[in-house]
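Data block below; observations after.
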2 protein chains.
Amino acid sequence: MATSARKKPVKRRRNPIQSRGQATVDAIVEAAAQILARKGPTAATTNAVAARAGVSIGTLYQYFADRDALLQEIGRRHVAEMQAVLAGALGGIDGLPLPEAVERLVAAIVASHRVAPRLHQALHQSLARDHLDTIDAFEVAVEAMVSRALAGRDELDLPAPELTATVLVRGLGGLIRTTLRREPERLDDPALARAMRAMILGTLGESRRDA
Amino acid sequence: MATSARKKPVKRRRNPIQSRGQATVDAIVEAAAQILARKGPTAATTNAVAARAGVSIGTLYQYFADRDALLQEIGRRHVAEMQAVLAGALGGIDGLPLPEAVERLVAAIVASHRVAPRLHQALHQSLARDHLDTIDAFEVAVEAMVSRALAGRDELDLPAPELTATVLVRGLGGLIRTTLRREPERLDDPALARAMRAMILGTLGESRRDA
DNA sequence: GGAGAAGATGAGCCTTTGCTCAGATCCTCG
DNA sequence: CGAGGATCTGAGCAAAGGCTCATCTTCTCC
């Protein structure tokens with residue numbers, strides 16, 4: 001109960017006007033992301049971030065109302081990056097025959113998770129329950145996208161494309177996240193990619209109306 | 001790099017001898033688990049835990065070397081509980097025909113995650129990277145178990161049962177964890193269970209040697 | 001009964017960390 | 001040039017939280 005997402009309207013104290021300010025903000029976010037990725041959430045203290053960014057702690061608080069706002073900004077940027085990679089790799093997939101489309105999808109989803117694996121993990125850890133909104137929104141969008149793509153293929157004849165999309169997206173996401181944490185190198189294993197394709201194709205086949 | 005798991009040998013300061021001590025330890029662990037589940041990792045301070053357990057902070061440190069040791073103990077107990085539920089629900093599954101076996105598996109895996117969903121989430125968040133060993137060990141065990149079960153069914157004719165098991169277990173786990181966080185009530189949805197069965201059966205079919 | 005171990009207490013030390021503020025410095029533009 | 005806004009500085013405040021230790025109470029067992 002009470003998962004009421006009280007909106008925290010970005011809480012930026014001052015928006016950079018001069019290019020100098022923009023550069024500073026970028027440096028801060030970059031530094032924070034690095035620390036987060038390399039040493040985990042607890043190491044990403046505001047003082048440490050400021051130090052690594054090469055600015056004073058005061059400067060950091062000139063642009064971010066509090067530590068949380070900084071973390072949220074990192075989340076936002078990371079999601080945007082993943083989204084870009086996904087969108088790029090998925091362009092024109094609708095026209096492709098199913099097997100190729102699936103192959104592309106797998107490649108795309110893997111690629112999107114490879115953008116910044118450690119950071120990805122760290123964000124899932126450090127973003128408090130109330131602040132996973134950004135990530136959640138992204139996942140919802142991906143599910144919707146896949147759902148639409150599935151519904152568009154009459155050949156599949158799915159009785160509930162949304163449900164199938166949900167299962168596939170969350171399942172694949174979880175699989176990749178777990179693998180990333182435990183055996184990161186394995187993400188490059190062609191056998192794993194093959195298995196993922198089998199999972200998708202099999203799920204689609206078994207979910208057909210007549211199955 | 002340096003994911004070297006430095007072993008922290010349980011670091012219990014004193015093992016309870018008298019039953020009074022055992023009760024105290026239980027109360028502490030119980031209190032900590034509750035706070036963790038209800039208010040998240042940050043709320044589970046040692047002082048708060050001691051207060052809720054109805055013991056003094058000194059008593060807590062009589063049994064646990066540090067906060068981390070306490071968290072690890074909670075993880076250990078939680079995993080044991082999940083394992084018990086899983087094992088119980090999966091007994092004699094080998095003899096069953098495939099569809100029923102899959103149905104049982106889905107039910108079992110869902111049930112095991114329903115043991116203490118909030119705590120489950122909190123543990124995944126709060127256990128530092130170096131201390132996920134307990135959870136990881138459990139997941140590895142489950143994968144091995146499923147792998148064995150799959151290999152035992154000649155009908156399936158899987159070229160790589162371990163790989164299929166890995167994909168299935170991690171995929172299902174991720175799916176359930178995500179759903180648990182975003183739409184917990186949906187775990188009871190029969191449609192979701194059906195979709196999960198479709199995913200499993202489909203993946204198995206598509207992974208067959210001749211597929 | 002009583003010695004000694006087990007168990008319990010809680011004030012408070014000490015470190016960490018988020019964050020403020022009073023001012024210095026840099027830029028832009030008329 | 002110089003006024004005024006933008007930017008930056010960093011010592012240090014205040015709160016939070018992990019943890020210690022000197023001391024007291026309860027239990028066990030001969």
Side-chain angles (χ1 to χ4, degrees), chain A residues 8 10-32 35-36 39-74 122 125-128 130-131, chain B residues 8 10-32 34-36 38-74 122 125-128 130-131:
Chain A
K8 290 195 179 177
V10 190
K11 287 208 298 183
R12 230 182 204 170
R13 200 155 279 176
R14 164 184 293 182
N15 281 63
I17 308 282
Q18 308 173 2
S19 66
R20 180 169 54 131
Q22 186 55 56
T24 301
V25 170
D26 288 346
I28 291 171
V29 173
E30 184 58 33
I35 298 181
L36 218 47
K39 315 229 180 123
T42 58
T45 68
T46 52
N47 286 295
V49 168
R52 172 164 213 122
V55 304
S56 93
I57 181 66
T59 298
L60 188 155
Y61 280 96
Q62 199 101 43
Y63 297 105
F64 299 95
D66 52 28
R67 191 184 111 109
D68 219 69
L70 173 56
L71 290 182
Q72 278 187 263
E73 176 64 22
I74 296 174
Q125 269 194 11
S126 55
L127 258 48
D130 291 336
H131 300 308
Chain B
K8 289 194 179 179
V10 190
K11 288 208 298 183
R12 229 184 205 168
R13 201 155 277 177
R14 165 185 292 181
N15 280 65
I17 307 283
Q18 308 173 2
S19 68
R20 179 168 53 133
Q22 185 55 55
T24 301
V25 169
D26 288 345
I28 292 171
V29 173
E30 185 58 32
Q34 273 189 31
I35 298 180
L36 217 47
R38 294 194 194 161
K39 315 229 180 123
T42 58
T45 68
T46 53
N47 286 294
V49 168
R52 174 166 211 122
V55 304
S56 92
I57 181 66
T59 297
L60 189 155
Y61 280 96
Q62 200 104 44
Y63 297 104
F64 299 94
D66 53 28
R67 192 183 111 108
D68 219 70
L70 173 56
L71 290 182
Q72 278 186 264
E73 176 63 22
I74 296 174
Q125 268 193 13
S126 55
L127 257 48
D130 291 338
H131 301 308

Rounded to the nearest Å, what distance is computed from the CD1 atom of residue Ile28(B) to the C1' atom of nucleotide dT9(C)?
13 Å
Can you tell me if the side-chain N/O atoms of Arg67(B) get under 4.0 Å from OP1 or OP2 in dG18(D)?
yes
Closest-nucleotide mapping onto DNA chain C: is Thr42(A) or Gly58(A) further toward the 5' terminus? I mean the 5' end.
Thr42(A)
Kindly compute the distance separating OG (Ser126(B)) from CG (Leu36(B)), expressed to the nearest 0.5 Å.
4.5 Å
Once you round it to whole Å, what is the distance between P of dC8(D) and CG of Asn47(A)?
17 Å
Determine whether Phe64(B) and Thr46(B) satisfy the following criterion, side-chain contact (heavy atoms from CB on, under 4.5 Å), listing intermediate values before the conclusion.
CA-CA 10 Å; Phe64(B) 299 94; Thr46(B) 53; over 6 Å; no
Thr24(A) side chain N/O closer than 4.0 Å to the phosphate oxygens (OP1, OP2) of dT7(D)?
no
Using OP1 and OP2 only, check whether a side-chain N or O of Arg20(B) sits under 4.0 Å from dA5(C).
no
Would you mind telling me which of dT9(C), dC19(C), dA6(C) lies closest to the side-chain atoms of Arg14(B)?
dA6(C)
Would you compute the distance between atom CG of Asn15(B) and atom CD of Gln22(B) and round it to the nearest 0.5 angstrom?
9.0 Å
Rounding to an integer number of Å, can you tell me how far Gln62(A) CD sits from dA22(C) P?
14 Å
CG/Asp66(B) to CD/Gln72(B) distance, rounded to the nearest 0.5 angstrom?
8.5 Å
Any side-chain N or O of Thr45(B) less than 4.0 Å from the OP1 or OP2 oxygen of dA16(D)?
no
Measure from the side-chain heavy atoms of Tyr61(A) and tell me the nearest of dT9(D), dG7(C), dC19(C).
dC19(C)
What's Thr59(A) touching, base or sugar-phosphate or nothing? Going by heavy atoms closer than 4.0 Å.
base
Any side-chain N or O of Thr46(B) below 4.0 angstrom from OP1/OP2 of dG18(D)?
yes
Nearest whole angstrom, please: distance from the P of dC21(C) to the CD1 of Ile57(A).
14 Å
Rounded to the nearest Å, what distance is computed from the CD1 atom of residue Ile35(B) to the C1' atom of nucleotide dG17(D)?
14 Å
What's the closest nucleotide to the side chain of Gln18(A) if the choices are dT28(C), dG7(C), dT9(D)?
dT28(C)
Whole Å only: how far is the CZ atom of Arg13(B) from the P atom of dA8(C)?
15 Å
Atom CD of Gln22(A) to atom P of dA6(D): distance rounded to whole Å?
15 Å
Mind checking if Ile17(A) touches a base, just sugar-phosphate, or nothing, with heavy atoms under 4.0 Å?
sugar-phosphate
Trace of the side-chain contact (heavy atoms from CB on, under 4.5 Å) decision for Tyr63(A) with Leu70(A):
CA-CA 9 Å; Tyr63(A) 297 105; Leu70(A) 173 56; over 6 Å; no
Between P of dG17(D) and CG of Leu60(B), the distance in whole Å:
15 Å
